[in-house]
Every structure is written in C-alpha cells, then in structure tokens.
Amino acid sequence: MNFWLMKSEPEEFSIDDLERVGSEPWNGVRNYQARNYMRDGMKRGDRVLFYHSNCQPPGIVGIARIAGKARPDPTQFDPESDYYDPGSKPEDPRWLLVDVVFDRRLRRLLSLDELKTHAEALGDFPLLRRGNRLSVLPVTAEQWNYLIKMEKQHGPA
DNA sequence: GCCAACGTTGGC
DNA sequence: GCCAACGTTGGC
C-alpha cells in the first residue's frame with residue numbers, strides 16, 4: 001500500500017464535498033508527473049491525505065482512499081469541459097483519473113504552518129519543498145505515521 | 001492582488 | 001533543441 005497527498009481548493013471541492021458524495025472521480029489533472037503518480041503508483045486501497053490549498057489556512061483536513069487503478073479521464077474528450085484536450089485520442093488517452101473515496105476527517109487541521117515547524121522530523125516532505133505545485137504527491141509510510149501522531153497531539157495555540 | 005516557481009508552448 | 005514568453009499554482 002502506498003501513501004499520497006492530494007490537493008484540492010475547498011471552494012472547488014472540499015473535504016465536506018467528498019464526505020457528502022462519498023466517492024469522487026479525480027478529473028482534471030493535466031500535469032504529466034501527477035498523472036504518472038496516479039498511473040504507475042496508485043492502487044486500490046492506497047491512503048490519501050486530503051489537503052486544502054489556496055485557502056486560509058491551507059492544510060491537511062482529512063483522509064481518503066483510492067478506489068482502484070487509474071482510468072481515462074472522460075473530461076479530456078468533452079469539448080464543453082474546461083479540461084478538454086483536443087490532442088488526446090480515445091484510443092490512446094493522454095489523461096487519467098482515479099476515484100477518491102472519503103475515509104474520515106482529521107480530528108484537527110494540520111495546517112501548513114504547523115507542518116513547517118515539523119519539517120526536520122518529516123524529512124524530505126514534498127509539500128514543503130520550495131515552489132512545489134504538484135497536486136498529487138507521494139508520502140512515505142514514515143511521514144504518514146508521523147502525521148497521524150501529530151493529529152492525535154494537541155496543536156499549536 | 002502580488003509574485004516566485006516552474007511547466008508548457010512555439011518561433012527559430 | 002534552445003529559450004523567451006506565457007500561463008498556472010498557491011502561499012502570503
């Protein structure tokens with residue numbers, strides 16, 4: 001089993017939305033590296049840290065699971081979609097999605113600010129890398145366990 | 001709203 | 001294949 005962090009802007013799709021719908025096709029990923037993580041790295045049952053980005057405060061808010069292996073993202077073939085890609089052929093889809101299933105909310109927000117204060121313990125945590133903009137990031141088992149321990153402790157004042 | 005970081009595009 | 005221009009992300 002692998003661990004991941006996936007970003008979402010809560011104004012677009014929040015952990016509340018995921019809890020309500022239960023499962024969401026993660027469409028619209030149009031970055032090759034993120035696609036490759038989904039295609040090559042994700043399997044049914046993988047665990048996901050659900051991260052709220054571009055909001056105040058940004059941070060990890062919940063946990064989700066991956067429902068199954070990546071499949072073609074239908075929005076790439078829809079001319080009406082913001083994610084339409086006229087260069088992608090149905091017989092050779094360029095873009096993939098995975099289905100993300102709600103697991104639970106965190107007991108408390110693990111804010112980006114707080115995560116930064118644990119940068120040393122987290123080691124090379126991709127979210128904290130300078131200039132990182134990827135919406136799908138790998139997380140190690142050690143980082144996962146550390147973050148879950150953080151969740152169970154009291155946060156900063 | 002600003003802007004640093006960085007991916008993509010397209011002219012050459 | 002280089003690289004300048006441009007677009008997007010996302011924290012601040």
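So you know, we letter chains A, B, ... as the sequences are listed, proteins then strands, and number each from 1. These numbers come from the heavy atoms of this one structure, side chains and all, not from hydrogens, waters or symmetry mates.
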Spacing of [X] atom [atom1] relative to [N] atom [atom2], expressed in whole Å:
X	N	atom1	atom2	result
A:Q33	C:dT9	CD	P	15 Å
A:R129	C:dG11	CZ	C1'	18 Å
A:I60	C:dG10	CD1	P	14 Å
A:R133	C:dG7	CZ	C1'	9 Å

Determine whether more than 12 heavy atoms belonging to other residues, nucleotides or ligands lie under 6.0 Å from atom NZ of A:K69.
no

For the residue pair A:S14 / A:D17, report whether a side-chain donor-acceptor contact shorter than 3.5 Å exists.
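A:S14 and A:D17 do have a side-chain donor-acceptor pair below 3.5 Å.
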
Under 3.5 Å side-chain donor-acceptor pair for A:S111 and A:D113
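Side-chain D/A pair, A:S111 to A:D113: absent.
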
Could you tell me the separation between the CD atom of A:E24 and the CG atom of A:L97, rounded to the nearest 0.5 Å?
9.5 Å

Below 3.5 Å is the cut-off: list the nitrogen or oxygen pairs between protein and nucleotides 3-6 of chain C, distance only.
none

Residues of residues 4-11 of chain A with a heavy atom under 4.0 Å from any atom of DNA chain B, listed by number, are none

Aromatic rings A:F13 and A:F50: how do their planes relate, parallel, tilted or perpendicular, breaks at 30° and 60°?
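Judged by the thresholds at 30° and 60°, the geometry between A:F13 and A:F50 is tilted.
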
The remaining residues in the hydrophobic cluster of A:Y32, counting side-chain heavy-atom contacts under 4.5 Å among Ile, Leu, Val, Met, Phe, Trp and Tyr, are A:W95

Do A:R30 and A:D85 sit within salt-bridge range, that is, some charged N less than 4.0 Å from a carboxylate O?
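No, this pair does not count.
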
Between A:R71 and A:D99, is there a side-chain N and carboxylate O pair less than 4.0 Å apart?
yes

Could you say whether A:N54 or A:R130 is positioned toward the 5' end of DNA chain B, judged by the nucleotide with the nearest heavy atom to each?
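Final value for this comparison: A:N54.
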
Under 4.0 Å from OP1 or OP2 of C:dT9: is there any side-chain N or O of A:Y51 that close?
no

A:Y32 side chain, from C-beta outward: closest of B:dT8, C:dG7, C:dC12:
B:dT8

